[in-house]
Structures are given as C-alpha cells and as structure tokens.
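As the structure is a prediction and not an experimental result, all values here were calculated from the model.
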Amino acid sequence: MDARHINLLKFVRDASQFVIPIYQRKYSWEQVQCEQLWDDVIRAGKQESGGGHFIGSIVYVADTDAHNAPLLVIDGQQRLTTLTLLLAALSSVVGEGEPLEGFSKKKLESYYLTNPLESGGMYRKLALSETDRDTLFAIVDGSDFPDNHSHRILENFTFFKDRLASLNGNLEVVCKGLSKLLVVYVALSRKEDNPQLIFESMNSTGRELSQADLIRNFVLMGLETDLQSRLYNQYWRQMEQSFGQKAYDSHFDSFMRYYLIVKTGDIPRLGDVYTAFKTYARSESIVEPGIEALVKDIGRYSRFYCEMALDKEADKDLRKAFHDIRELRVDVAYPLLLELYADYDGGELGREEFLQTVRLIESYVFRRAVCSIPTNSMNKTFATFGKSLKKDRYFESIMAQFLLMPSYRRFPSDEEFKEKIKLRDLYNFRNRSYWLRRFENYGSKEKALVDEYTIEHIMPQNVTDEWKIALGKDWERVHEKYLHTIGNLTLTGYNSEYSDKPFKYKRDMERGFAESPLKVNKGLGNIQDWNENAIRDRADELAKKASVVWGYPDIAPDVVDAYRLDDDSHSSYTADDHPNLANSPTRELFEAFRKEVLKLDPCVGEEFLKFYIAYKAETNFVDVIPLAKNLRLSLNMDFVDINDPKRLCRDVTGLGKWGNGDVDIKFSNLSELPYVIGLVRQSLERQLGNGVDA
C-alpha cells in the first residue's frame, strides 16, 4: 500500500484512466454535495495564500501490472465524477480564452477529460460503471445523450454550467480554486493488500454506503474481472433493473434482511445486515456450491420480493392481496411470504392455497391490531413460522400453525374479534382507508373507489341541540363511547352537505343514506332514529361481516388437535405434575399469583414445564419455581433495572438455576401479592415496550 497527498489535477492528469468497477454503486451525489464542492472551489480560489484545500481520499488498485494500466477506483468515485462534471462544464463555457494558465478548452479536454493519443476504451479519462457511463461519455464527447440517460449525471452537469454562467465570465476564481484542490491517494497492491478489508475499514460507519452496496462489493470485488462482469450483468444488474433505482435505494437493504431471515432463521438489525450476510456467505453450505449459486439465489428471491412489495405481480388476485398487505403495513411478514412464494414458484404450494394464505396473514395482523394485541412478537412469529409446516399437506398445516400459537401470538377468534371491533376507535385507526376499502369491496366485482369518498360520522363530532335530544339524556356518554366506532362510521361523497345535520336529513336528502349505492350504507334508509340502540345494532351487523372479510382458519378442531399432539413445543405438564404444588399453602400462593398474572394483559400465556411454570408475552417475563414452603419467582430483566423499594429482590446474574432472568424473589405470604405483582408488571411492561417489529 502506498498513501500520499497530491494536487488533485496533477493526479488526474498523470493517471492513464480511472475505471469504476461494475460492483460499485451508481453515481449518487445530489445538488447539496455539488454545492459543497463548488463552495470549496470558490473559497480556495479567493484565498490569497498559495495553500491547498483537501477534499478527501481516492483509493485504487491497478487493473493489471502493465505500465499505464487503468486504475480501478475502490473509493472516491463520487468526488472524481463530480470533479469531471465541473471540468467538463468549465470546458463548455470557457470559449477560446484561457482564464488561467493550463485552463484553455483544449488543455482541459486533453489533460483531464480524455487521453487524446488513445482510442477505443482508453480514450476517456474516467469510465463509470455501465449505468452512468454513456451519459458521461456524451458530455465529454459533446454528443447526444442516450435515451436512458442518467438524470443525476445530467442534472449535476447542468448545475455546474449554471453556476459558471452566473460568474459572468469571471472564471479565473474557479480555475484558481481547482488548482488548489488536494487529495490523499491510496494505491493498493493486488498481491499484498486486501481491497475488500480496506474498503470495509474506510466505510465502517455505514454512512456513505448502504448495506446493499457493501454486500454487492463483498460478493463481486474479489473475483476475476471476467467472472465479476458475468455475475453482475447476468444477475445483479437484473436485480437493480427489476427494483428500479429509487426502489433499489429504499428497499434492497430490507429485502436482504428478509432474505437472511428466511435462510438463517436469525433476525439481524437493519444496520447489521452486511455483517450477517458475510457470516452467511462464509458458511460451509454456501461456500461449497460457490458464489454464483448464491448470487443466483438472491436474484430469485429478489424477484419474489418485487412481485409482492413493488406491485409487479402479474396474477390479478395475488396482486390485490399483496396490495392489501402493503397498505396494512405488514413488513414483518415478508420473510414468511418470501418462503411461501418460493414454494409457490417451485410448485410445492398451489396458487389458490397461496392466495388463501396471504389473506390469512392479512386477517391475522388486522384482527390482532383491532384486538390491541402487542405487535412485538410478530417479527419472531413470521421468522419462525415456516419451520413447523408440513409441506405434504401445506395449507392445512398453515391453518393449524396459526391456531396452535400461544395466547400472546394468538389468532383472535371470531368472538373476540367481533366484540373488539364494535368498540374500537376505527376513525383514528392506522390507515383507515384500508379497512374501509376492504369492507366495502369484499366479494364485489364492481369495486368502489373508496379514496374518492370521505368517512362520515353519522352521529357528528359536533353535537347540536337536535342531536342531544335524539341521543337522549345520556347523550354525553353515548357520544364519547360510540363516536369513532364502526357502528357510527360510514362512507359518503356528500360530507360537506351532511355536516352536523340531523339523522333524518342525512337519510332522506337527495342521494342521502337511503339512496346511497355503497354497501356499507345498506339498511340506513330503514332506520327511524339514530341513537345508542341503532349504533349498537349496526355495529353487530358490521362486526359479523368483518369476521367474514377478515376470516378465521377453516379447519376442524380434531385436525388441529392432531397437529398439537405432534408439536413438542406444547407442554403436556399440569400443576399436578409439580410435587410442591400438592402442598396446600404453596398451592394457594400459586393459584392467587396465577390469577393476578393472567389478568395483567390479554397477551399473557401460561406454560407448565417439568421444573417450573412460564408466563410469556414475547418470551418468558416471569417463571415460577414451586418450593416446599414458598414460590421462587425469576423475573426476566436486568437487576439494575428493577424498581424494588422494599429490596426483596436478589441479583442472580450468571448463577445456574431454573427459570430465566437475573432477578430473583421469594413469594411466601399472600399479603405480599400486590407488591410482587408490581414487580412482575415491570418485567412484562419492559418486554412489551422493548419489542421491535422492523
């Protein structure tokens, strides 16, 4: 490795050619970075002293050992490309003069933009990667831009031309500033240096490159040039084109995270995807088939992702189902959806069953949201769901798996869902256009464009005197309880006409409720008075329909029981299997504790194991170990985080014991129960509060 600082223009002039390898990301500097470079140049040009201005580093490795071999740029392509655009813009406006020695049009072109004595691929000084190359060549050559030109290249070239024009011919300051720019160049040796490790160390903060950029470089950088080019053009470039530039920038990191979850079962943080990918790529199962098999597999799964997440699915019904998944914002389901799509693509899962499964996933998420079940378990639910499936009876096992999940991950039943949706605030529900559209258009071939309607409170948000009379003496309670609930909400194109008018006016006006073509308004024309009973009756009807729109797995209980017997994760132990619970005082303590813990939150689940009883939300938050005269409770939280003013807890960090957690407390008297439950609540709330979906 050879590292030195040098005048930037001299560095460019002396180099034979700079080549941006195909694995590098596209040119990505925006106007804000161009403005910064421009300001630096102008500031340096105005300084009276001869000092230079440092603008960064450039790391390269020679393509071959030959004299004047092209330099492959490992880091620094953004500033090199932007400098070239500024020099090209200066060349286009400088005319026949020479504002400063060395800055005539001919010298700018011959020193910094082209190699006039060369031809073919060596003619231009800078050769970008394929996506941007032709646009930059057109600028340097003064030729027409290609049809699919790089907008970023052209926009920044135009930006510099405009800034130069604003100087009204006073170009000397720009030339002086350019002549003072300094860089540190780092020349790597193919034999002695590892470009990949050096590249990683220079981008260790992850601020300059996305996780996807780092992954692409890791995959392609160390390969021979021919293999590198073939893998990029045959697989990676196709992925980039399938995503499109904007979606590639915004989605590819997430896609790679979902891909790794499918392949490994682990859930890396979004910022750790690159590290997780390196571990996966270096595993024996991946190394043995080779890098091409890995890139091909990533390409296959990226196609599935684009079909689902970027609205590219050709099948009309599947496309609608994926649209609803996106609108409900169920990103955590993509690992499972990718796995299912791969089996659908491979013929293991039929088209109808795949469609029904996507709809079940949608129902599962929506029902849980309506029932206010914490979402922090869903990332693990969808990451591990596929492990228990029996692919010889695929859809049946999917339905059974949904119904076998414990309470904190449960699929809410029809009864629970119907009761909760009747009183849920659906007006302020996330993305209310989603549930209104699904509700209105379910089972209909003639789809209503819900976005063209507005949501209407039949009983208005502002209660007039007429409405107070209609609602009765208890109008305040009725208004507060039912205003934003499903029984009082509907769709209309006449929101401004309805305003706060009485119900009968809204019902009987021209194109009012009685004449509305919308299914959600069916029956409103037959109601005489709008009051608590009317709201409740309509809520009952709509709740029944909602349980159909967002359906429940249709599988016989005995079939589910058969899967339950095959599932080793479900405990067959009971309280009677714990000898110490046969002791009356200890059993009394346990039953009192158990009753209070299960009341803490609907998500709490209970599991009897051989040596202790676990209470779970996302994972165990408290374990109960029955002893002869008392209960030992293990709280799954750090000891430093427990708020224990009575100092009853013990720090058991690192000690071998039954149960999970670093906080231990003995419960031996019923009078202690309220305080003990308060401690347990801290563990539960910490777990629910720390769950992460993304």
Side-chain angles (χ1 to χ4, degrees), residues 7-20 27 29 31 33-46 53 55 58 70-71 73 76-128 132-146 149-183:
N7 179 277
L8 178 57
L9 291 184
K10 175 175 171 51
F11 178 61
V12 173
R13 181 176 177 176
D14 291 347
S16 56
Q17 186 184 49
F18 297 101
V19 175
I20 307 304
Y27 177 64
W29 269 20
Q31 184 171 315
Q33 286 89 14
C34 292
E35 286 178 342
Q36 181 63 57
L37 177 62
W38 175 264
D39 291 343
D40 289 343
V41 169
I42 297 299
R43 188 180 303 110
K46 291 181 177 180
H53 181 81
I55 64 167
I58 296 173
L71 307 181
V73 179
Q77 71 140 320
Q78 303 295 326
R79 59 182 62 90
L80 263 179
T81 304
T82 309
L83 174 72
T84 299
L85 293 175
L86 175 52
L87 290 168
L90 180 60
S91 173
S92 71
V93 302
V94 75
E96 298 301 323
E98 189 169 5
L100 192 69
E101 174 63 30
F103 285 90
S104 66
K105 180 178 179 65
K106 183 176 181 179
K107 290 177 180 177
L108 286 168
E109 292 175 350
S110 300
Y111 294 165
Y112 313 118
L113 300 178
T114 66
N115 293 310
L117 299 181
E118 301 287 351
S119 60
M122 287 294 294
Y123 176 67
R124 288 90 170 190
K125 203 73 163 181
L126 174 63
L128 299 181
D132 299 316
R133 180 181 302 160
D134 291 342
T135 306
L136 182 63
F137 284 176
I139 289 174
V140 171
D141 298 346
S143 59
D144 293 335
F145 291 106
H149 65 269
S150 167
H151 293 284
R152 187 66 51 78
I153 294 281
L154 181 55
E155 286 170 2
N156 290 350
F157 175 65
T158 303
F159 166 80
F160 286 124
K161 286 186 67 175
D162 291 342
R163 286 301 174 94
L164 289 165
S166 70
L167 297 177
N168 298 318
N170 183 24
L171 302 178
E172 183 179 357
V173 66
V174 177
C175 299
K176 285 183 177 180
L178 286 168
S179 69
K180 293 181 180 181
L181 298 184
L182 302 175
V183 293

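- The side-chain hydrogen bond (donor to acceptor under 3.5 Å, both in side chains) test applied to Gln17 returns no partner, not counting sequence neighbours.
- For Thr114, the side-chain contact (heavy atoms from CB on, under 4.5 Å) test picks out Pro116, Tyr123, Val140, with sequence neighbours left out.
- Among residues two or more places apart in sequence or in another chain, the salt bridge (Lys or Arg N to Asp or Glu O under 4.0 Å) test is passed with Asp40 by Arg43.
- For Thr135, the side-chain contact (heavy atoms from CB on, under 4.5 Å) partners two or more places apart in sequence, or in a different chain, are Phe145, Pro146, His149, Ser150, Ile153.
- Using a 4.0 Å cut-off between charged side-chain N and carboxylate O, Glu118 and Arg124 make no salt bridge.
- In this structure, NZ on Lys107 lies 8.5 Å from CZ on Arg13, to the nearest 0.5 angstrom.
- Put simply, CG on Leu86 and CG on Leu108 are 9.5 Å apart, with the number rounded to the nearest 0.5 Å.
- Not a single side-chain hydrogen bond (donor to acceptor under 3.5 Å, both in side chains) links Arg133 to another residue, sequence neighbours left out.
- Side chains of Leu8 and Ile58 form a contact here, defined as non-hydrogen atoms less than 4.5 Å apart.
- For Ser119, there are no side-chain contact (heavy atoms from CB on, under 4.5 Å) partners, not counting sequence neighbours.
- One finds the CZ atom of Arg79 at 11.0 Å from the CD atom of Gln33 (value rounded to the nearest 0.5 Å).
- Checked against Val73 for a side chain to side chain contact (heavy atoms under 4.5 Å, CB included), the options Leu80, Val19, Leu126 give a single hit: Leu80.
- Nearest approach of Ala15 to Leu71, heavy atoms of both residues: CB-CD1, 4.0 Å.
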Using a 3.5 Å cut-off and no angle test, enumerate the donor-acceptor pairs between side-chain atoms of residues 162-169 and protein atoms at least two apart in sequence or in another chain.
residue: Ser166; atom: OG; partner: Arg163; partner atom: O; Å: 2.5

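- Under the ring pair (Phe, Tyr, Trp, His ring centres under 6.0 Å) criterion, Phe18 pairs with Phe11, sequence neighbours left out.
- Scanning for salt bridge (Lys or Arg N to Asp or Glu O under 4.0 Å) contacts around Glu172 gives Lys176, with sequence neighbours left out.
- By the side-chain contact (heavy atoms from CB on, under 4.5 Å) test, Thr82 pairs with Tyr27, Trp29, Cys34, Leu37, Phe160, sequence neighbours left out.
- Glu155 is linked by a side-chain hydrogen bond (donor to acceptor under 3.5 Å, both in side chains) to nothing, counting only residues two or more places apart in sequence or in another chain.
- Once rounded to the nearest 0.5 Å, the distance linking CD1 of Ile55 with CG of Leu83 reads 6.5 Å.
- Remark: Lys106 engages no residue in a side-chain hydrogen bond (donor to acceptor under 3.5 Å, both in side chains) (not counting sequence neighbours).
- Not a single donor-acceptor pair under 3.5 Å links the side chain of Ser91 to the backbone N or O of Leu87.
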